[in-house]
Amino acid sequence: MTPIWKRGAVVQILLDQFTDEEWSAIHPWTSARCEARQMDVARPLSVTVNPDVRTILLSGDSADWPEGIVDIDLLIARDGHGFFLPPASYFRVNILPPATEVI
């Protein structure tokens, strides 16, 4: 199931299921860049790493995102090589309209 956020919320994806081998393959990296893509528009997301507990947090404000499915990928560069997480797909979220007040 695709995670759902209301537009205007901070979208957060926590990557925390790394084995020792997987973590040593990506960390420490030279650079990490994350984008949320919707059609031809890419929006940058923050990448926060906590190496002590082997987690990566991807986050961004969805206030200006249109409604619908958003594909998110993370590009890691290490030792002159770049690779995406997840390797063969995207993280997907569904942006819904913001909450409205009922009178």
Side-chain angles (χ1 to χ4, degrees):
M1 181 175 179
T2 303
I4 298 172
W5 272 272
K6 290 190 177 184
R7 189 176 64 237
V10 174
V11 172
Q12 295 183 324
I13 298 172
L14 181 66
L15 310 178
D16 64 352
Q17 301 291 318
F18 296 101
T19 65
D20 291 339
E21 183 179 344
E22 291 168 334
W23 187 254
S24 64
I26 63 171
H27 193 270
W29 53 65
T30 308
S31 67
R33 183 183 60 156
C34 186
E35 290 182 334
R37 295 184 175 274
Q38 198 172 29
M39 294 182 259
D40 292 336
V41 178
R43 293 173 179 81
L45 295 177
S46 298
V47 178
T48 306
V49 64
N50 184 338
D52 296 333
V53 292
R54 295 190 303 213
T55 61
I56 302 171
L57 177 65
L58 313 176
S59 60
D61 183 356
S62 67
D64 65 342
W65 297 10
E67 296 166 23
I69 299 294
V70 178
D71 293 326
I72 298 173
D73 61 13
L74 172 62
L75 176 62
I76 301 281
R78 180 175 179 183
D79 300 329
H81 297 90
F83 53 94
F84 287 97
L85 289 179
S89 64
Y90 297 99
F91 301 106
R92 278 210 153 137
V93 298
N94 190 2
I95 303 298
L96 298 180
T100 56
E101 184 177 337
V102 178
I103 299 175

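No hydrogens, no waters, no symmetry mates; every other heavy atom, side chains included, goes into these values.
Nearest heavy atoms, Trp23 versus Pro51: CZ2-CA, 3.8 Å. When all heavy atoms of Ala32 and Val47 are compared, the closest pair comes out as CB-CG1, 4.0 Å. Contact between Leu74 and Cys34 at its shortest, heavy atoms only, is CD1-CB, 4.1 Å. Considering all non-hydrogen atoms of both residues, Ala9 and Ser62 come closest at O-OG, 2.7 Å.
Trp5 pairs by the ring-ring contact (aromatic ring centres under 6.0 Å, His included) definition with nothing, not counting sequence neighbours. For Trp29, the ring-ring contact (aromatic ring centres under 6.0 Å, His included) partners at least two apart in sequence or on another chain are His27.
Other residues, nucleotides and ligands contribute only 12 or fewer heavy atoms inside 6.0 Å of the OH atom of Tyr90.
Under the 4.5 Å side-chain contact rule for hydrophobic residues, Val10 and Val70 do not share a cluster. By the criterion of side-chain heavy atoms lying less than 4.5 angstrom apart, applied directly or through intervening Ile, Leu, Val, Met, Phe, Trp or Tyr residues, Val49 is grouped together with Phe83 in one hydrophobic cluster. Note: the hydrophobic cluster containing Leu14 does not contain Ile76 (ILVMFWY, side chain heavy atoms under 4.5 Å, direct or indirect links). Residues Leu58 and Phe84 are members of separate hydrophobic clusters, defined by side-chain heavy-atom contacts under 4.5 angstrom among Ile, Leu, Val, Met, Phe, Trp and Tyr.
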Check step by step if side chain to side chain contact (heavy atoms under 4.5 Å, CB included) holds for Leu57 and Ile13. CA-CA 6 Å; Leu57 177 65; Ile13 298 172; over 6 Å; no
Step by step, work out the side chain to side chain contact (heavy atoms under 4.5 Å, CB included) result for Arg78 and Ile26. CA-CA 7 Å; Arg78 180 175 179 183; Ile26 63 171; 5.6 Å; no
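Each of Thr55, Val53, Ile56 was compared with Phe18 under the side-chain contact (heavy atoms from CB on, under 4.5 Å) criterion, and only Ile56 meets it. Partner Ile69 forms a side-chain contact (heavy atoms from CB on, under 4.5 Å) with one of Val93, Asn94, Ile95 and no other, that one being Asn94.
Legend: salt bridge (Lys or Arg N to Asp or Glu O under 4.0 Å) pairs involving residues 63-73, not counting sequence neighbours, sorted by first then second residue: Arg7-Glu67, Arg43-Asp64, Asp71-Arg92.
Here the side chain of Asp79 pairs no donor or acceptor atom with the backbone of His81 at under 3.5 angstrom.
Inter-residue side-chain proximity for Leu45 and Val11 is flagged as unmet; no heavy-atom pair is nearer than 4.5 Å.
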